[in-house]
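Only one structure is covered here, and it is reproduced in the block below.
These figures come from a predicted structure and were not determined experimentally. Each residue takes its place number in the sequence, starting with 1.
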Amino acid sequence: TPPVKRRYNADGRRAAAALRRAAIIEAATRLFLTRGYPATTMAAIARKAGVATETVYAVLGTKPELFRLLTEIAISGTDEPVPVLQRDYIQALRAEPSGRGKLEIYAAAIAAIQQRMAPLYLAIQQAAATEPALAEIWQQLLDRRAANMTLLIEHLEAAGFLRAGLSRQEAADTVWAVNSTEVYQLMTQT
């Protein structure tokens, strides 16, 4: 009888890859926040993560791609980027019938996002002045945030929760200002 072939089980490899990825993300986050973006090298991230520099590139891409991933993770609150319409709080916001309930869901979500994102905000804002790739990422984040304000306002308007005479743009601008990282930092730093 022919020998029985065993099926290859890749679970160990997947688990090791996930641990390497998590170590790189943690190392990159710590270094970007303590040293800043320009002073953080991919080699330093690799050393801190306990992997080869080539592994950092292979697993997470270039330095700007890695920083973009960190911001997406901070926004999503998971270990992966999550498109805005698939986030849990957006699903809850859609299901909530009252305007007040929608604002409570949104406020809780933004507070959690800001807690994770605010530390990265300063690093990207400072680096964007001299790093074209980060300036582009920063602008994309701002543009996406502005578009998301419109989505919230549409939900509030559908729930009859916009003040009479207040335009969508005025409402979106107000939410933009109130939920900005700058306001969050002013309100939470002692």
Side-chain angles (χ1 to χ4, degrees), residues 25 28-40 63-94 96 98-190:
I25 288 169
T29 301
R30 286 184 184 206
L31 290 173
F32 284 138
L33 294 180
T34 57
R35 295 182 181 176
Y37 182 88
T40 300
K63 187 174 162 182
E65 291 169 335
L66 174 54
F67 197 88
R68 178 191 297 273
L69 176 65
L70 297 180
T71 62
E72 295 295 342
I73 288 171
I75 292 168
S76 76
T78 68
D79 60 356
E80 292 289 336
V82 176
V84 69
L85 296 177
Q86 294 175 18
R87 295 182 190 143
D88 291 343
Y89 80 92
I90 296 295
Q91 301 302 321
L93 196 135
R94 284 180 164 168
E96 174 58 46
S98 78
R100 179 179 219 79
K102 288 178 184 297
L103 280 179
E104 288 172 357
I105 291 166
Y106 184 76
I110 291 304
I113 289 169
Q114 290 292 8
Q115 188 174 16
R116 296 184 301 264
M117 183 62 183
L120 294 170
Y121 175 86
L122 185 58
I124 193 170
Q125 189 180 38
Q126 289 173 342
T130 58
E131 302 280 340
L134 272 225
E136 183 179 330
I137 291 168
W138 180 237
Q139 190 59 53
Q140 289 169 357
L141 289 169
L142 292 176
D143 292 345
R144 191 173 70 194
R145 184 170 160 245
N148 292 342
M149 296 303 103
T150 304
L151 291 175
L152 173 65
I153 298 310
E154 288 171 4
H155 281 281
L156 293 175
E157 187 176 44
F161 207 63
L162 282 189
R163 186 179 72 226
L166 183 66
S167 73
R168 281 184 179 178
Q169 189 58 55
E170 290 170 321
D173 290 348
T174 300
V175 173
W176 171 276
V178 170
N179 79 6
S180 71
T181 303
E182 296 89 348
V183 170
Y184 173 81
Q185 289 173 323
L186 287 170
M187 301 294 286
T188 60
Q189 292 178 356
T190 53

All ring pair (Phe, Tyr, Trp, His ring centres under 6.0 Å) counterparts of Tyr184, not counting sequence neighbours: none
Just verifying a value: how many Å separate Leu93 CG and Glu104 CD, rounded to the nearest 0.5 Å? 11.5 Å
Of all heavy-atom pairs linking Phe67 and Leu120, the shortest is CZ-O, 3.8 Å
Give me the atom names and distance for the closest heavy-atom approach of Leu166 to Ala171. CD2-CB, 3.8 Å
Would a distance-only check, ignoring hydrogens and angles, find a side-chain to backbone donor-acceptor pair under 3.5 Å from Arg168 to Ile153? no
Say whether, by atom type as modelled, one donor and one acceptor occur between the side chain of Glu96 and the main chain of Ser98 under 3.5 angstrom. yes
Is the CZ atom of Arg94 crowded by more than 12 outside heavy atoms at less than 6.0 Å? yes
Minimum heavy-atom distance Gln114-Thr181, with the two atoms named: OE1-OG1, 2.8 Å
Residues Arg144, Glu72: salt bridge by 4.0 Å N-O rule: yes
Does the side chain of Glu131 reach to within under 4.5 Å of the side chain of Pro64, using non-hydrogen atoms? no
For Glu154 and Leu151: C-alpha separation, side-chain torsions, deciding distance, then whether side chain to side chain contact (heavy atoms under 4.5 Å, CB included) applies. CA-CA 5 Å; Glu154 288 171 4; Leu151 291 175; 4.1 Å; yes
Backbone of Ala159 reached by a side-chain donor or acceptor of Lys102 within 3.5 Å: no
Heavy-atom closest pair (Gly36 atom, Thr40 atom, distance to 0.1 Å) is O-OG1, 2.7 Å
So, Arg87 side chain and Val82 main chain: donor-acceptor pair closer than 3.5 Å or not? yes
Minimum heavy-atom separation for Thr78 to Ile73, with atom names? O-CG2, 2.9 Å
To the nearest 0.5 Å, what is the distance between CG (Leu103) and CD1 (Ile110)? 11.5 Å
Would you compute the distance between atom CG of Leu69 and atom CD1 of Ile25 and round it to the nearest 0.5 angstrom? 5.0 Å
Between Phe32 and Ile124, is the side chain to side chain contact (heavy atoms under 4.5 Å, CB included) condition met? List the steps. CA-CA 9 Å; Phe32 284 138; Ile124 193 170; over 6 Å; no
Heavy atoms, side chains only, cut-off 4.5 Å: are Gln126 and Leu122 in contact? yes
With a cut-off of 6.0 Å (strictly less than), are more than 12 heavy atoms of other residues, nucleotides or ligands near CG of Asp173? yes
Find the distance between CG (Leu134) and CD (Gln139) and round it off to the nearest 0.5 Å. 13.0 Å
Validation row: Val175, Leu152 side chains within 4.5 angstrom (heavy atoms): yes
Is the number of heavy atoms from other residues, nucleotides or ligands under 6.0 Å of Gln115 CD greater than 12? no
Parallel, tilted or perpendicular for Trp138 and Tyr121, by the 30°/60° rule? perpendicular
Could you go through Arg145 and Asn179, starting from their C-alpha distance and side-chain angles, then the distance that decides it, and tell me whether this counts as side chain to side chain contact (heavy atoms under 4.5 Å, CB included)? CA-CA 10 Å; Arg145 184 170 160 245; Asn179 79 6; 2.6 Å; yes
Walk me through it: do Ile75 and Leu141 pass the test side chain to side chain contact (heavy atoms under 4.5 Å, CB included)? CA-CA 10 Å; Ile75 292 168; Leu141 289 169; 3.9 Å; yes
If every non-hydrogen atom of Leu85 is compared with every non-hydrogen atom of Gln91, which pair is closest and at what distance? O-NE2, 2.5 Å
